[in-house]
Amino acid sequence: MTTASAPAGGRGPLLRSGRARAAGLAAAVAALLLAALASVLTGPEPVGLADLPAAYAGGPASETDRVVRHLRVPRAATGLLVGLALGAAGALVQAVTRNPLGGPDILGVNAGASLAVVAGIAVLGPTGYTGYVWFAFAGAAAASLAVHAVGSLGRGGPAPVRLALAGAAVTALLGAVTSALTLLDVTTLNAYRFWVVGSLGAADGATAAALAPFVLAGAVTAAALARPLNALALGDDLAGGVGARPRAVRAAAGAAVVLLAGAAVAAAGPIGFVGLMAPHVARAVAGTDHRWVLPWSAATGAVLLLAADVAGRLAVRPQELQAGIVTALVGAPFFLYLVRRRTMVLP
Amino acid sequence: MSPTRAGGAPGRGPLAVLCALLAGAAGCSAPASDTPAAHGPEIDNCGMAVPAGDPPRRIFAAYHNAVEMAHALGLGDRLVGTAFLDNTVLPEYADAQAAAPYYPALPSKEELLRLEPDFVVSGYGSFTDDAFGSRGDLADLGVRTWQFTSMCPTEDGLGQEALVPGDVTMDDVYADIEGLGEVTGTEERAAEVVAGMRADIEEVTARLDGVEERPRVAVVSFEEDGIRVLGGNDIATEVIELAGAENVFADVSGRLTKVGVEELVSRDPEVLLFLTCCGEDVDESDAGPRIAEVRADPALADVPAVRDDRLHGFTFATSSAGVRSADAVVQVARFAHPDLFG
């Protein structure tokens, strides 16, 4: 693996000029809206474009209106927000750890959030999103600190490979504890699969509404970190030279990752590979400037997750394939491709 | 309760009892595995020949429906272990069950063998590599097995599935009861149980005579991100049809198949039965909180069953293939045709 913003083949990012990048981002937003629309129009109950405004027009609600308002739109909105959160979190993780194999799922953050939620259910019973999210934050924070600590053992600080290994080990450990917890308590068994694979099937209006402010806060933090992260990419010494404080930047980015990944896991369970794939697509298209990477990665994450959810709903009707299974089916080969690839655009 | 032993095994009782007392003593298990086929006929069960004519003395019953089946056949005093009650046991079996050793979840294979059973009857899947091992493995250890027909394992023992989709009927339930009666030497008791069940169902059928209305029923278990439903090849479909109603998920294959909430909305069920499970103190009333949530869910407000408030708890045990299946028909008939069966 060689570090290069313009690798040996001479291929740089797809979009180079600022204008091309702005136009490209507009296209990304359009793709995102299309994916959300596809999500709203897919399902057992036939719903057409004309039904969408009708559902919110007022008057007595028909069955179609209820399906649109209480199932389809909340699910699309949750998918959008969770995808944005995972995409942005992935870009932050890869930037801070300078690790192309990073992501909230790879580094154990999602597994930590998930385990904390399951533990919360075991103690308090199901509490809904507004309860789950605080457990998810705590679990995400604890897992990231643990992975960082384990990855930093030995000389030379947290090397990418060491962090990835620590993440894999912590993920396996947390997953085992989650399984053990659910074996001990039959009542958590029903909720178990959801907290192992992740899907958008639990989305309702309240979840989407409660999720939004957390994702917004995480996104604003991430946006504010774009320039400092660019400075950090020069290395700590040079970054200090241009006035950035590496420790503070990393801590703030860590907090944003916990906020974004925790909020996402509490709504949809641990969905893997979105946070890993999205930043790679973003850098391939828009280069390494984090002012572009972050929005592109967020938009890509949302499109990936919405598309995975729609595919999962169509693939095995009348059953549903969890979005987390579909993203793993696409993401695992992508991960192997990344590992085998010799040159890649590093964060 | 003294079990009937119509096909008693001559001359082997004392030795087996001695072996049971000297649990673990070397050489004791050998006589149990000599060719029992010589003693009598074999009964086919899920494609496996189970020797009859030499009634087992140390029975392990896995899962609620197998436990109640054992009590219904009067095998209580032969139970060396019972496992995994989904709900409270029927009152007539309460005393017998209280006296039987009980495991809330399936024990490990090692724990099972420590009990030295000579017969294991399982209501759901347990003859798999991640539980008790295949039936062939257990047969090699001298342990005969019976798998409820509603959940026959695949040949490799890795998974479990009903024999043929759409094929789990009351006749399969009766065949299980009668076959178990023959193997355990309780044919007369088995015949009584089957006759009682047939009579209960005939009474329902007679009352439904001339009734055209077939209410649309769904049997559901809500989860975090969807609903598990009882599908077409499950005994529930036969039970619902005998009760003069229709399973809205008859085209979906399997028991506890997961579908999305919208799938339920789009199928317009008129009666919703909420499965309650699992534990020895769980009954119908445990559906209460879930029913309240469903009543309050705006997405479900137009579902006919919700609109008309036809939402009922239904125990997992009653929904399972077994001695409760006739009770299940009576219960569902009450929910589907309250005017006729009030």
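Below, all heavy atoms of this structure are taken into account, side chains as well, without hydrogens, waters or symmetry copies. Letters A, B, ... mirror the listed sequences (proteins, then strands); counts begin at 1.
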Asks: Applying side chain to side chain donor-acceptor pair (under 3.5 Å), which residue pairs with at least one partner in residues 108-137 of chain A are found, sequence neighbours left out?
Replies: Y132(A)-E224(B)
Asks: Which bit of R75(A) comes within less than 4.5 Å of chain B, counting heavy atoms only: side chain, backbone, both or neither?
Replies: neither
Asks: Output the distance between atom CG (L71(A)) and atom CG (L264(B)), rounded to the nearest 0.5 Å.
Replies: 10.0 Å
Asks: Just distance, no hydrogens or angles: give the donor-acceptor pairs under 3.5 Å from side chains in residues 40-57 of chain A, sequence neighbours left out.
Replies:
{"from": "T42(A)", "atom 1": "OG1", "to": "A38(A)", "atom 2": "O", "distance (Å)": "2.6"}
{"from": "D51(A)", "atom 1": "OD2", "to": "G48(A)", "atom 2": "N", "distance (Å)": "2.8"}

Asks: May I ask you to list the residues in residues 301-313 of chain B that approach chain A closer than 4.5 angstrom, counting heavy atoms only, ordered by number?
Replies: A301(B), D302(B)
Asks: Could you measure the distance from the NE2 atom of H70(A) to the CD atom of E262(B)? Nearest 0.5 Å is fine.
Replies: 12.5 Å
Asks: Measure V265(B) against the heavy atoms of chain A and call it side chain, backbone, both or neither at under 4.5 Å.
Replies: both
Asks: Which atoms of R69(A) come close to chain B, meaning under 4.5 Å heavy atom to heavy atom: side chain ones, backbone ones, both, or neither?
Replies: neither
Asks: Report which part of A61(A) has an atom under 4.5 Å of a heavy atom belonging to chain B: side chain, backbone, both, or neither.
Replies: backbone
Asks: Among Q322(A), R313(A), Q319(A), R317(A), who wins on heavy-atom pairs under 4.5 Å with chain B?
Replies: Q319(A)
Asks: Determine the option with the most heavy-atom pairs under 4.5 angstrom with chain A, choosing from P298(B), G260(B), A299(B), S266(B).
Replies: P298(B)
Asks: Which atom names give the shortest non-hydrogen contact between S199(A) and D225(B), and what distance separates them?
Replies: OG-OD2, 2.8 Å
Asks: Side chain from CB out, backbone as N, CA, C, O: work out which of these in D268(B) comes under 4.5 Å of a heavy atom of chain A, or both, or neither.
Replies: side chain
Asks: Any side-chain heavy atom of E263(B) sitting closer than 4.5 Å to one from E320(A)?
Replies: no
Asks: What pairs with Q331(B) under side-chain hydrogen bond (donor to acceptor under 3.5 Å, both in side chains), at least two apart in sequence or on another chain?
Replies: none
